[in-house]
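Notes follow once the structure below has been shown.
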Amino acid sequence: MDHKFFQVGLENAGPPDEFIAMIGFIFCCVGLAFLVQNGNPYLALLETPVALAIGLTLMGVSLLAGYLKKLPTIVWHDGFASAGLLVWYAYWKPQFNDDAPMFFFFPVYFATLTTLVTLSLINRAERFDLDSIEHLRYLEKITRFNFGSVIGFVIVGLLVTRHYALYPMSMTFYIVRHTMVVCLESVERA
């Protein structure tokens, strides 16, 4: 049997670079939800001031690396979102009851939303038709929030614990804006 038949076109096979978009954030969200759901004793380590300091440092490093263009967009966005999740848990958990459902449901929501936009939009951006690309560029141009504003909104959402829905809303804007930026980068590379 000729095995070359099965190898035709495989030199370019494999997931695109964007396949890994925010994969660290997805794994962090699923991991946190799993730990919270099972009442894992390691959660106490994530509530410490050290965990908060590590998260804030990683957020700052990710932002600086993105600003200085030292990391690709998908990497520093992933680092910022993952570090933000750590900051959120470390800063918010001591202020709420142990059985607060948001510490399970929000990470599941974030992981689901990020996975859906990655699989349905980001991984297919290179196959967008010209009309779709023009609409995406138009949406990107008229969007009232540039990415810096969205990052500021996420940081404010982390700080304001009285409005528990503010952080998930800001992260939703962040994920949607991340999707637009990465799709446009992918289209422009193609």
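Since this is a predicted model, take the numbers as computed values, not measurements.
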Nearest-0.5 Å distance that lies between atom CG in Asp78 and atom NE2 in His178: 7.5 Å
Closest heavy-atom pair and its distance - Leu85, Phe25: CB-CE1, 4.3 Å
Other residues, nucleotides, ligands: >12 heavy atoms within 6.0 Å of Tyr164 OH: no
Side-chain heavy-atom pair Ile175, Met22 within 4.5 angstrom cut-off: yes
Closest contact, heavy atoms only, Ser170 versus Gly157: OG-CA, 4.4 Å
Sub-4.5 Å side-chain heavy-atom contact between Glu140 and Leu136: no
Asn146 (side chain) donor-acceptor with Gly148 (main chain) under 3.5 angstrom: yes
Min side-chain heavy-atom separation Ile23-Thr114 under 4.5 Å: no
Donor-acceptor pair, side chain of Asn38 and main chain of Phe34, under 3.5 angstrom: yes
Validation row: Pro168, Phe110 side chains within 4.5 angstrom (heavy atoms): yes
Close side-chain approach of Leu158 to Met59, heavy-atom, < 4.5 Å: yes
Residue pair Lys70 / Trp76, side-chain heavy-atom distance below 4.5 Å: no
Ser132 side chain vs Phe128 backbone, donor-acceptor pair below 3.5 Å: no
Geometric class of the Phe173/Phe153 ring pair [parallel <30°, tilted 30-60°, perpendicular >60°]: tilted
Minimum-distance pair of heavy atoms, taken over all atoms of Ser62 and Gly79: OG-C, 3.3 Å
From OG1 (Thr172) to CZ (Arg177), nearest 0.5 Å: 15.0 Å
Nearest heavy atoms of Pro94 and Ala90, plus distance in Å: CD-O, 3.3 Å
Within 6.0 angstrom of Asp129 CG, more than 12 heavy atoms from elsewhere: yes
Considering all heavy atoms, the nearest Ala83-Gly55 contact: CB-O, 3.4 Å
Transitive ILVMFWY side-chain link Met102 to Phe105, under 4.5 Å: yes
Pair Thr161, Tyr167: side-chain N/O donor-acceptor within cut-off below 3.5 Å: no
Close aromatic pair by centroid cut-off 6.0 Å: Trp92 and Phe106: no
